[in-house]
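All values derive from a computational prediction rather than experimental measurement. All values below were derived from every heavy atom in this structure, side-chain atoms included, with hydrogens, water molecules and symmetry-related copies excluded. Chain letters run A, B, ... following the sequence lines, proteins first and then strands; every chain starts at 1.
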Amino acid sequence: MNIFKLYKNKFSEILLSNNYQCNFSKLTVEPPRDPAFGDLAYNAPLILSSNLKKKPLEIGSDISLLIKNNFSEFESVELVKPGFINLKLKKDFWFNFLSAFGDNKDMLILEKKNINIEYVSANPTGPLHVGHCRGAIYGDVLANLLNFVGNKVTKEYYINDYGNQIHMFAKSVYARLLEINEKVPFPSDQGLYPGDYLKDIAKNLINKNVIQNLSNYDAIKDQIGTMAMNEAMLMIKNDLFSLGIKHDVFVSEKELVSRNLVEKTIEILREKNCIYEGILAKPKGNENEDWEPRSQLLFKSTDFGDDIDRALKKSDGTWTYFANDVAYHAYKLERKFDKYINVLGADHAGYLKRLKACMDALSNFTSDFECKVCQLVKLYKSGEPYKMSKRAGDFITAKELVEAVGVDAVRFMMIYRSNDSQLDFDFDLVTDKTKDNPVFYVQYASARIHSILGKVKFNEKDFDKKNLNLLNTDVEIDLIKKLSLWSKCLEVSSKNLEPHRIPYYLYDLASSFHSFWNLGKENSDYKIIENKDSNLVQARIFLLNKILLTLKSGLGILGVTAPKSM
RNA sequence: GCGCCCGUAGCUCAGCUGGAUAGAGCAUCGGUUUUCUAAACCGAGGGUCGCAUGUUCGAAUCAUGCCGGGCGCACCA
């Protein structure tokens with residue numbers, strides 16, 4: 001239950017029934033900046049004043065009175081200077097709140113949506129590297145979050161298993177096959193994929209013993225390409241698995257092409273008058289010597305907010321990558337989702353507008369399509385930038401990262417910053433077992449609670465909830481109030497697609513808990529289980545259970561474990 | 001030159017889509033342990049929210065223009 005939203009709605013009803021008119025969406029009920037002001041701050045007098053042409057404080061006294069007369073749960077209703085109404089809830093309210101507290105799963109949205117989220121979509125030419133990790137985890141956590149609050153989510157991966165890069169990939173694997181079988185040195189000057197993992201792929205192909213006629217490349221190149229790509233996809237799925245990621249749907253570009261979906265989609269755009277033959281201007285500031293004016297089949301993406309129109313056909317007459325991608329997005333639309341999310345890396349941010357343009361064109365502006373861009377990750381080791389070797393192909397893989405620091409740390413830290421900000425990832429910090437390491441700090445709270453729960457018998461069914469009013473001290477009430485922010489956190493995170501708010505909330509909750517825990521050291525009244533009053537012990541265990549429930553839910557969304565001991 | 005992102009404490013970043021005296025962590029300084037997990041807690045100092053206009057009751061938040069940093073910029077994917 002989001003109490004802020006609840007009271008916003010309740011107050012709006014009261015205003016309406018008393019003939020107050022305004023833009024109700026501008027009214028807010030929020031926790032005040034300073035807890036001394038109370039539990040809720042209502043801004044209605046400020047918003048209404050311009051409508052009614054009266055001073056906020058004048059209007060405020062009327063509204064305060066309405067609230068006092070209609071609600072009994074407020075200890076105080078106070079009208080203050082610019083025009084806020086500060087409300088303080090009685091302790092009984094918080095005991096009731098705690099008594100009914102759940103994990104908020106499926107509770108938060110009225111409109112449940114069928115959502116498609118595409119993320120990772122790394123090329124099937126090798127394992128995932130560190131650069132892929134952030135988008136992969138962001139997409140995955142976002143999917144978990146949207147699912148948690150009640151949506152139906154389809155996690156999708158688009159496989160670029162078509163086009164020139166696959167030819168290069170097949171050639172590269174072929175060169176490795178020759179290297180292994182015929183001792184032909186691997187050529188370094190042909191732009192082939194250099195990574196060592198190609199040797200593994202080649203070895204696997206040899207072990208399967210299905211490639212005949214190794215000397216005739218043209219005869220076997222398609223076979224090699226397909227098999228090598230399957231090997232690479234296995235690597236990728238394996239890497240994703242080690243990151244805790246599992247997609248629901250894999251869509252193959254090759255398959256879309258073979259179903260003639262590209263031609264069909266371009267025809268649809270042509271009927272909508274979005275296609276023409278034209279010449280693009282030379283981009284300024286880009287000293288490309290090979291540039292020459294060229295007449296091409298173009299998509300009129302400028303009609304849909306893009307900066308320039310985009311090429312659909314290459315000079316050799318084949319479709320561009322973008323043309324295939326338009327077809328892919330038509331295929332997404334065909335499957336009729338309520339919302340489409342696409343997670344891209346910063347290096348593909350320039351691609352965003354044309355994707356949005358093609359979705360708008362194909363759906364006549366009816367599709368709810370949102371691209372989220374993850375900025376770059378900078379690696380550090382003990383505070384020093386950790387440079388990857390410039391030698392091509394020598395990159396840190398996702399798997400190596402997970403093996404070095406553990407999947408919990410990778411997932412937590414990758415989501416710990418807003419996706420719009422660059423992220424510093426320090427190898428050493430995330431493996432520290434101190435409070436400097438936020439992953440540890442939150443998990444430690446879980447371990448501490450488990451440690452207590454193992455020492456006391458507690459059964460929620462036998463617990464008399466009337467005893468919750470023994471949680472009478474400010475710190476205990478503050479902990480309950482902290483729990484009330486969880487649903488707000490979920491709501492804001494999912495509405496704005498900003499999962500980074502979750503680890504922040506969990507850190508905050510863990511901090512309040514650690515603080516409470518330590519009070520027992522100076523004042524034995526605050527000891528949780530070594531306490532004479534057994535009803536109080538039970539009430540505190542009830543509270544700890546709810547804190548743990550929240551930690552588990554939050555960490556669950558992040559895909560991070562909530563350990564029982566550490 | 002154009003597009004996207006960022007600019008908040010010495011450092012790394014939050015800031016609930018316009019609210020009250022701008023918050024955390026690290027770092028610095030000082031305190032707490034015969035322990036229900038000190039792998040923790042408590043306290044102190046530290047700010048022209050890059051700069052400038054504008055919008056209004058009210059701006060770190062919105063708009064415009066600068067300055068600085070990152071990413072990208074015809075037929076690759």
Hey, does [X] reach any base, or is it just sugar-phosphate, or nothing, if we go heavy atoms under 4.0 Å?
| X | answer |
| --- | --- |
| A/S315 | base |
| A/S451 | base |
| A/A281 | nothing |

Would you say [X] stacks on [N], if stacking means ring centres under 5.5 Å apart and planes within less than 30 degrees?
| X | N | value |
| --- | --- | --- |
| A/W517 | B/C36 | yes |
| A/F84 | B/A20 | yes |
| A/Y507 | B/A24 | no |

We want to know whether [X] and [Y] form a side-chain donor-acceptor pair, criterion being a heavy-atom distance below 3.5 angstrom.
| X | Y | value |
| --- | --- | --- |
| A/N86 | A/Y42 | no |
| A/S494 | A/E491 | no |
| A/Q165 | A/N123 | yes |

*When you check the phosphate oxygens OP1 and OP2 of B/C76, does a side-chain N or O of A/Y162 lie under 4.0 Å from one of them?*
no

Rounded to whole Å, how long is the line connecting atom [atom1] of [X] with atom [atom2] of [N]?
| X | N | atom1 | atom2 | answer |
| --- | --- | --- | --- | --- |
| A/D307 | B/G3 | CG | P | 7 Å |
| A/D424 | B/G69 | CG | C1' | 13 Å |
| A/F4 | B/G19 | CZ | P | 15 Å |

*For atom P, what is the distance between B/A24 and B/A63, given to the nearest Å?*
29 Å

*May I have all residue pairs that pass ring pair (Phe, Tyr, Trp, His ring centres under 6.0 Å) and include part of residues 438-458 of chain A, sequence neighbours excluded?*
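Those involving residues 438-458 of chain A are A/F440-A/Y444, A/Y441-A/Y507, A/Y441-A/H514, A/Y444-A/H514, A/F458-A/F463.
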
*Taking only residues two or more places apart in sequence, or in another chain, which ones meet A/D161 in a salt bridge (charged side-chain N to carboxylate O under 4.0 Å, His left out)?*
none

*asked:* Which helical stems does RNA chain B take part in, if a stem means at least 3 consecutive Watson-Crick or G-U pairs with both distances below 3.5 Å?
replied: B:1-7 with B:67-73, B:10-13 with B:23-26, B:28-32 with B:40-44, B:50-54 with B:62-66

*Are more than 12 heavy atoms from other residues, nucleotides or ligands located less than 6.0 Å from atom NZ of A/K339?*
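Counting neighbours around NZ of A/K339, more than 12 heavy atoms of other residues, nucleotides or ligands fall under 6.0 Å, so yes.
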
